[in-house]
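Beneath this line is the structure, given in C-alpha coordinates, with notes to follow.
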Amino acid sequence: MGTRNRLWSIAKMTVTGGVMGVTISDRYVAVVAIKGHSMHPTMTATDSALRGDVVLAEKGCLDQYKFSRGDVVLFKCPSNHKEVFVKRLIGLPGEWIQLPASSEIIKVPQGHCWVEGDNAARSWDSRSFGPIPLGLINGRVTHIIWPPSKIGRLERKWPEDRIPPF
Amino acid sequence: MSGFVRRLAGIPWRQIAGEAISGGLLVAQGLCAVHVVSEHVLGVVLPRGPSMLPALNMAGDVLLSDKVSPRYGRVGPGDVVLLVSPEDPRKVVIKRVLGMEGDAVTYPVDAGNTDASKTVVVPQGHIWVQGDNIYASKDSRQFGPVPYGLVKGKMSYRIWPPTRIGSIDSN
(Lines give C-alpha, C1' and ligand atoms only; values in the text may rest on other atoms or scores of the structure.)
Protein backbone atom coordinates (compact mmCIF):
# COMPACT_ATOMS: atom_id res chain seq x y z
CA MET A 1 0.00 0.00 0.00
CA GLY A 2 2.81 2.35 0.89
CA THR A 3 4.60 1.96 -2.43
CA ARG A 4 1.38 2.48 -4.32
CA ASN A 5 0.72 5.71 -2.48
CA ARG A 6 4.24 6.86 -3.19
CA LEU A 7 3.98 5.98 -6.87
CA TRP A 8 0.68 7.85 -7.05
CA SER A 9 2.12 10.95 -5.47
CA ILE A 10 5.18 10.83 -7.76
CA ALA A 11 2.92 10.53 -10.82
CA LYS A 12 0.82 13.44 -9.61
CA MET A 13 3.87 15.60 -9.05
CA THR A 14 5.28 14.74 -12.47
CA VAL A 15 2.06 15.64 -14.25
CA THR A 16 1.66 18.88 -12.29
CA GLY A 17 5.27 19.84 -12.91
CA GLY A 18 4.98 19.02 -16.60
CA VAL A 19 1.82 21.05 -17.04
CA MET A 20 3.30 24.04 -15.22
CA GLY A 21 6.56 23.72 -17.14
CA VAL A 22 4.79 23.67 -20.49
CA THR A 23 2.75 26.73 -19.51
CA ILE A 24 5.81 28.66 -18.38
CA SER A 25 7.75 27.79 -21.53
CA ASP A 26 4.77 28.73 -23.70
CA ARG A 27 3.89 32.00 -22.05
CA TYR A 28 6.86 33.39 -20.18
CA VAL A 29 10.30 32.04 -20.85
CA ALA A 30 11.79 29.01 -22.57
CA VAL A 31 15.23 27.44 -22.64
CA VAL A 32 16.48 26.70 -26.15
CA ALA A 33 19.70 25.08 -27.42
CA ILE A 34 21.13 26.68 -30.54
CA LYS A 35 22.52 24.63 -33.40
CA GLY A 36 24.17 25.83 -36.56
CA HIS A 37 26.54 28.60 -37.54
CA SER A 38 24.25 31.28 -38.88
CA MET A 39 24.48 33.54 -35.82
CA HIS A 40 28.26 33.40 -35.37
CA PRO A 41 29.89 35.22 -33.52
CA THR A 42 26.92 36.10 -31.28
CA MET A 43 26.11 32.45 -30.77
CA THR A 44 28.21 29.51 -31.76
CA ALA A 45 27.70 25.82 -32.12
CA THR A 46 31.18 24.50 -32.72
CA ASP A 47 31.85 22.12 -29.81
CA SER A 48 30.90 18.61 -30.69
CA ALA A 49 30.58 17.55 -27.06
CA LEU A 50 28.09 20.22 -26.11
CA ARG A 51 25.75 20.94 -28.92
CA GLY A 52 26.10 24.66 -28.66
CA ASP A 53 24.91 27.73 -26.83
CA VAL A 54 21.85 27.56 -24.64
CA VAL A 55 19.70 30.66 -24.52
CA LEU A 56 16.64 32.01 -22.73
CA ALA A 57 13.79 33.06 -24.99
CA GLU A 58 11.20 35.46 -23.68
CA LYS A 59 7.61 34.92 -24.82
CA GLY A 60 5.94 38.04 -23.48
CA CYS A 61 6.59 39.77 -26.79
CA LEU A 62 4.05 37.45 -28.43
CA ASP A 63 1.10 39.21 -26.76
CA GLN A 64 1.38 42.28 -28.93
CA TYR A 65 4.04 41.27 -31.46
CA LYS A 66 6.02 44.39 -30.68
CA PHE A 67 9.64 44.02 -31.70
CA SER A 68 12.56 46.31 -32.29
CA ARG A 69 15.13 46.26 -35.02
CA GLY A 70 18.15 44.27 -33.91
CA ASP A 71 16.23 41.84 -31.69
CA VAL A 72 17.26 38.21 -31.96
CA VAL A 73 14.15 36.11 -32.53
CA LEU A 74 13.22 32.46 -32.77
CA PHE A 75 10.81 31.51 -35.52
CA LYS A 76 9.48 28.51 -37.35
CA CYS A 77 11.11 27.97 -40.70
CA PRO A 78 8.63 29.06 -43.40
CA SER A 79 9.32 25.99 -45.50
CA ASN A 80 9.41 23.42 -42.70
CA HIS A 81 7.24 23.99 -39.64
CA LYS A 82 9.18 21.49 -37.54
CA GLU A 83 12.40 23.49 -37.64
CA VAL A 84 13.02 26.54 -35.48
CA PHE A 85 15.48 29.17 -36.65
CA VAL A 86 17.22 31.92 -34.73
CA LYS A 87 18.04 35.12 -36.60
CA ARG A 88 18.31 38.85 -36.11
CA LEU A 89 15.35 41.08 -36.96
CA ILE A 90 16.40 43.57 -39.59
CA GLY A 91 13.19 44.96 -40.99
CA LEU A 92 9.81 45.57 -39.38
CA PRO A 93 6.45 45.79 -41.20
CA GLY A 94 6.23 48.74 -43.54
CA GLU A 95 9.95 49.53 -43.55
CA TRP A 96 12.10 49.80 -46.62
CA ILE A 97 15.20 47.71 -46.47
CA GLN A 98 18.19 47.42 -48.68
CA LEU A 99 19.40 44.01 -49.73
CA PRO A 100 23.04 43.74 -48.68
CA ALA A 101 24.40 42.20 -51.86
CA SER A 102 22.68 44.51 -54.29
CA SER A 103 21.39 48.03 -54.23
CA GLU A 104 17.81 46.83 -54.51
CA ILE A 105 15.35 48.23 -51.98
CA ILE A 106 12.17 46.40 -51.00
CA LYS A 107 9.30 47.16 -48.66
CA VAL A 108 8.51 44.71 -45.89
CA PRO A 109 4.77 43.88 -46.20
CA GLN A 110 2.31 44.38 -43.35
CA GLY A 111 2.44 41.65 -40.72
CA HIS A 112 5.82 40.47 -41.95
CA CYS A 113 9.42 41.01 -40.96
CA TRP A 114 12.86 40.63 -42.47
CA VAL A 115 15.32 38.38 -40.64
CA GLU A 116 19.01 37.77 -41.25
CA GLY A 117 21.74 35.76 -39.57
CA ASP A 118 24.80 37.56 -38.19
CA ASN A 119 27.03 35.29 -40.22
CA ALA A 120 25.91 36.33 -43.67
CA ALA A 121 28.11 33.78 -45.41
CA ARG A 122 26.52 30.78 -43.71
CA SER A 123 22.99 31.84 -43.07
CA TRP A 124 19.80 30.80 -44.78
CA ASP A 125 17.42 33.65 -44.10
CA SER A 126 15.18 36.30 -45.62
CA ARG A 127 17.77 36.88 -48.33
CA SER A 128 16.74 33.48 -49.66
CA PHE A 129 13.14 33.05 -48.59
CA GLY A 130 11.98 36.67 -48.38
CA PRO A 131 10.04 38.36 -45.59
CA ILE A 132 8.34 36.01 -43.11
CA PRO A 133 4.95 36.45 -41.37
CA LEU A 134 5.31 37.70 -37.80
CA GLY A 135 3.00 34.86 -36.77
CA LEU A 136 5.86 32.41 -37.23
CA ILE A 137 7.88 34.09 -34.48
CA ASN A 138 8.19 31.99 -31.37
CA GLY A 139 10.08 34.17 -28.94
CA ARG A 140 12.81 36.73 -28.41
CA VAL A 141 16.24 35.68 -27.18
CA THR A 142 17.21 37.71 -24.11
CA HIS A 143 20.05 35.88 -22.34
CA ILE A 144 22.76 33.36 -23.08
CA ILE A 145 23.00 30.89 -20.19
CA TRP A 146 25.57 28.43 -21.53
CA PRO A 147 28.59 28.16 -21.97
CA PRO A 148 29.65 29.84 -18.68
CA SER A 149 32.09 32.17 -20.42
CA LYS A 150 29.25 33.83 -22.34
CA ILE A 151 26.60 34.04 -19.65
CA GLY A 152 24.85 37.37 -19.84
CA ARG A 153 22.30 39.50 -21.57
CA LEU A 154 22.09 39.44 -25.29
CA GLU A 155 22.28 43.01 -26.51
CA ARG A 156 20.13 44.41 -29.24
CA LYS A 157 22.63 45.02 -31.98
CA TRP A 158 22.62 46.49 -35.43
CA PRO A 159 24.96 45.03 -38.09
CA GLU A 160 27.66 47.61 -38.73
CA ASP A 161 27.65 47.36 -42.47
CA ARG A 162 23.96 48.13 -42.83
CA ILE A 163 22.20 51.41 -43.12
CA PRO A 164 19.29 51.52 -40.68
CA PRO A 165 15.96 51.85 -42.47
CA PHE A 166 13.80 54.90 -42.13
CA MET B 1 -3.94 49.16 22.78
CA SER B 2 -2.13 46.24 24.34
CA GLY B 3 -5.32 44.23 23.95
CA PHE B 4 -5.26 44.90 20.24
CA VAL B 5 -1.62 43.84 19.96
CA ARG B 6 -2.34 40.70 21.94
CA ARG B 7 -5.23 39.93 19.66
CA LEU B 8 -3.01 40.48 16.59
CA ALA B 9 -0.42 38.13 18.04
CA GLY B 10 -3.11 35.56 18.67
CA ILE B 11 -4.06 35.29 15.00
CA PRO B 12 -2.45 32.17 13.45
CA TRP B 13 -0.53 34.07 10.77
CA ARG B 14 1.60 31.15 9.83
CA GLN B 15 -1.39 28.93 9.17
CA ILE B 16 -3.16 31.63 7.17
CA ALA B 17 -0.09 32.21 5.03
CA GLY B 18 0.30 28.49 4.46
CA GLU B 19 -3.30 28.17 3.37
CA ALA B 20 -3.02 31.19 1.07
CA ILE B 21 0.06 29.73 -0.57
CA SER B 22 -1.49 26.32 -1.12
CA GLY B 23 -4.70 27.91 -2.38
CA GLY B 24 -2.77 30.11 -4.78
CA LEU B 25 -0.81 27.12 -5.99
CA LEU B 26 -4.02 25.24 -6.66
CA VAL B 27 -5.40 28.13 -8.72
CA ALA B 28 -2.11 28.37 -10.64
CA GLN B 29 -2.24 24.65 -11.36
CA GLY B 30 -5.79 24.97 -12.63
CA LEU B 31 -4.88 27.87 -14.92
CA CYS B 32 -1.86 25.96 -16.23
CA ALA B 33 -4.05 22.94 -16.97
CA VAL B 34 -6.53 25.14 -18.86
CA HIS B 35 -3.68 26.66 -20.86
CA VAL B 36 -2.17 23.29 -21.78
CA VAL B 37 -5.51 21.81 -22.82
CA SER B 38 -6.63 24.82 -24.85
CA GLU B 39 -3.26 25.32 -26.55
CA HIS B 40 -2.18 21.75 -27.12
CA VAL B 41 -5.25 19.50 -27.07
CA LEU B 42 -8.64 21.09 -27.77
CA GLY B 43 -9.49 24.76 -28.01
CA VAL B 44 -12.85 26.50 -28.12
CA VAL B 45 -13.32 28.95 -30.99
CA LEU B 46 -16.16 31.37 -31.73
CA PRO B 47 -15.78 32.26 -35.40
CA ARG B 48 -17.29 35.44 -36.79
CA GLY B 49 -17.55 36.80 -40.27
CA PRO B 50 -18.95 35.81 -43.63
CA SER B 51 -15.91 34.18 -45.19
CA MET B 52 -16.81 30.56 -44.40
CA LEU B 53 -20.53 30.68 -45.27
CA PRO B 54 -22.38 28.31 -45.57
CA ALA B 55 -20.23 25.82 -43.66
CA LEU B 56 -19.96 28.16 -40.68
CA ASN B 57 -22.49 30.78 -39.67
CA MET B 58 -21.73 34.49 -39.58
CA ALA B 59 -21.79 34.35 -35.79
CA GLY B 60 -23.06 32.19 -32.99
CA ASP B 61 -21.24 28.97 -33.77
CA VAL B 62 -19.06 27.38 -31.14
CA LEU B 63 -16.39 25.09 -32.54
CA LEU B 64 -13.74 22.83 -31.11
CA SER B 65 -10.32 23.04 -32.69
CA ASP B 66 -8.06 20.05 -32.63
CA LYS B 67 -4.53 21.23 -31.76
CA VAL B 68 -2.88 17.82 -32.05
CA SER B 69 -3.34 17.03 -35.76
CA PRO B 70 -1.50 20.06 -37.19
CA ARG B 71 1.52 19.29 -35.05
CA TYR B 72 1.86 15.87 -36.65
CA GLY B 73 1.10 17.09 -40.15
CA ARG B 74 -2.37 15.54 -40.29
CA VAL B 75 -3.92 18.40 -42.20
CA GLY B 76 -4.97 17.84 -45.77
CA PRO B 77 -6.94 19.43 -48.57
CA GLY B 78 -10.56 20.04 -47.56
CA ASP B 79 -9.85 20.52 -43.86
CA VAL B 80 -11.04 23.67 -42.17
CA VAL B 81 -8.13 25.19 -40.24
CA LEU B 82 -7.48 27.94 -37.75
CA LEU B 83 -4.45 29.98 -38.69
CA VAL B 84 -2.65 33.13 -37.65
CA SER B 85 -3.29 35.78 -40.23
CA PRO B 86 -0.13 36.49 -42.24
CA GLU B 87 -1.17 40.14 -42.39
CA ASP B 88 -1.73 40.68 -38.68
CA PRO B 89 -0.23 38.22 -36.20
CA ARG B 90 -2.72 39.22 -33.50
CA LYS B 91 -5.64 37.91 -35.54
CA VAL B 92 -6.62 34.34 -36.25
CA VAL B 93 -8.69 33.38 -39.27
CA ILE B 94 -10.58 30.25 -40.27
CA LYS B 95 -10.24 29.00 -43.83
CA ARG B 96 -10.37 25.81 -45.81
CA VAL B 97 -7.17 24.19 -47.06
CA LEU B 98 -7.31 23.77 -50.83
CA GLY B 99 -3.76 22.71 -51.57
CA MET B 100 -0.69 21.34 -49.85
CA GLU B 101 2.93 21.84 -50.90
CA GLY B 102 3.56 20.87 -54.51
CA ASP B 103 -0.13 20.98 -55.48
CA ALA B 104 -1.29 23.09 -58.38
CA VAL B 105 -4.22 25.27 -57.37
CA THR B 106 -6.52 27.06 -59.78
CA TYR B 107 -8.37 29.96 -58.27
CA PRO B 108 -10.65 32.76 -59.46
CA VAL B 109 -8.66 35.98 -59.56
CA ASP B 110 -11.51 38.36 -58.91
CA ALA B 111 -14.68 36.40 -58.15
CA GLY B 112 -17.88 38.20 -59.08
CA ASN B 113 -16.28 40.57 -61.53
CA THR B 114 -14.46 38.44 -64.05
CA ASP B 115 -14.26 34.78 -64.92
CA ALA B 116 -10.48 34.86 -65.10
CA SER B 117 -8.66 32.20 -63.15
CA LYS B 118 -5.05 31.55 -62.39
CA THR B 119 -3.05 28.45 -61.52
CA VAL B 120 -0.18 28.43 -59.05
CA VAL B 121 1.99 25.72 -57.53
CA VAL B 122 2.14 25.82 -53.72
CA PRO B 123 5.78 26.10 -52.55
CA GLN B 124 7.47 23.77 -50.10
CA GLY B 125 6.14 23.91 -46.55
CA HIS B 126 3.23 26.12 -47.54
CA ILE B 127 -0.52 25.60 -47.92
CA TRP B 128 -3.18 27.30 -49.98
CA VAL B 129 -6.20 28.46 -47.95
CA GLN B 130 -9.48 29.94 -49.14
CA GLY B 131 -12.78 30.85 -47.57
CA ASP B 132 -15.84 28.93 -48.76
CA ASN B 133 -17.55 32.20 -49.57
CA ILE B 134 -15.23 33.37 -52.34
CA TYR B 135 -17.05 36.69 -52.65
CA ALA B 136 -16.34 37.79 -49.10
CA SER B 137 -13.09 36.27 -48.01
CA LYS B 138 -9.57 37.53 -47.68
CA ASP B 139 -7.35 34.53 -48.22
CA SER B 140 -4.53 33.05 -50.28
CA ARG B 141 -6.00 34.69 -53.37
CA GLN B 142 -4.80 38.00 -51.93
CA PHE B 143 -1.85 37.12 -49.73
CA GLY B 144 -0.61 34.01 -51.48
CA PRO B 145 0.30 30.63 -50.01
CA VAL B 146 0.91 30.66 -46.24
CA PRO B 147 3.59 28.75 -44.30
CA TYR B 148 2.27 25.64 -42.60
CA GLY B 149 3.73 26.95 -39.34
CA LEU B 150 0.90 29.46 -39.09
CA VAL B 151 -1.72 26.71 -38.73
CA LYS B 152 -2.84 26.62 -35.12
CA GLY B 153 -5.61 24.07 -35.21
CA LYS B 154 -7.93 21.94 -37.25
CA MET B 155 -11.61 22.75 -36.81
CA SER B 156 -13.13 19.41 -36.11
CA TYR B 157 -16.43 19.70 -34.20
CA ARG B 158 -19.28 22.09 -33.82
CA ILE B 159 -20.82 22.06 -30.35
CA TRP B 160 -23.32 24.88 -30.81
CA PRO B 161 -26.05 25.50 -32.12
CA PRO B 162 -27.64 22.20 -31.02
CA THR B 163 -29.27 21.56 -34.39
CA ARG B 164 -25.90 21.45 -36.13
CA ILE B 165 -23.84 19.58 -33.57
CA GLY B 166 -21.33 17.25 -35.18
CA SER B 167 -18.16 17.14 -37.14
CA ILE B 168 -17.41 19.79 -39.74
CA ASP B 169 -17.22 17.96 -43.02
CA SER B 170 -14.16 18.35 -45.14
CA ASN B 171 -15.36 18.47 -48.69
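Everything numeric in this text was worked out from a predicted model, so none of it was measured. As a basis for the values below, the full set of heavy atoms in this structure was taken, side chains included, without hydrogen atoms, waters or symmetry mates.
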In the single-linkage hydrophobic clustering (I, L, V, M, F, W, Y; side-chain heavy atoms under 4.5 Å), do A:Val29 and A:Ile145 co-cluster? yes

Are A:Val22 and A:Val32 connected, step by step, through hydrophobic side chains (Ile, Leu, Val, Met, Phe, Trp, Tyr) whose heavy atoms are closer than 4.5 Å? no

Is A:Pro133 close to B:Leu150 at the side-chain level, that is, under 4.5 Å between some pair of heavy atoms? yes

Check each atom of B:Lys152 against the heavy atoms of chain A and say whether the ones under 4.5 Å are side chain, backbone, both or neither. side chain

Are B:Leu42 and B:Tyr157 grouped together when hydrophobic residues (ILVMFWY) are joined by side-chain heavy atoms under 4.5 angstrom apart? yes

With only heavy atoms counted, which part of B:Pro86 is less than 4.5 Å from chain A, the side chain, the backbone, both or neither? both

So which heavy atom on A:Leu134 is nearest to which on B:Pro89, and how close? CB-CG, 3.6 Å

Contact summary for A:His81 and B:Arg71, nearest pair of heavy atoms: CE1-O, 3.9 Å

Can you confirm whether more than 12 heavy atoms, excluding those of B:Arg164, are under 6.0 Å from its CZ atom? yes

Does atom CG (B:Asp115) have a neighbourhood of more than 12 heavy atoms from anything else shown, all under 6.0 Å? no

Test of understanding: clusters of I, L, V, M, F, W, Y form through side-chain heavy atoms closer than 4.5 Å, transitively. Do A:Trp114 and A:Trp158 belong to the same one? yes

Do you know which two heavy atoms are closest between B:Pro147 and A:Pro78, and how far apart they sit? CB-O, 3.6 Å

Just so I know, are the side chains of A:Asp26 and B:His40 near enough to count as touching, which here means a heavy-atom distance under 4.5 Å? yes

Please determine, among A:Pro109, A:Ser79, A:Pro93, A:Gly135, the option with the most heavy-atom pairs under 4.5 Å with chain B. A:Ser79

How many angstroms lie between atom CZ of B:Phe143 and atom NE2 of A:His112, to the nearest 0.5 angstrom? 9.0 Å

Can you hop from B:Val45 to B:Leu53 via hydrophobic side chains spaced under 4.5 Å? no

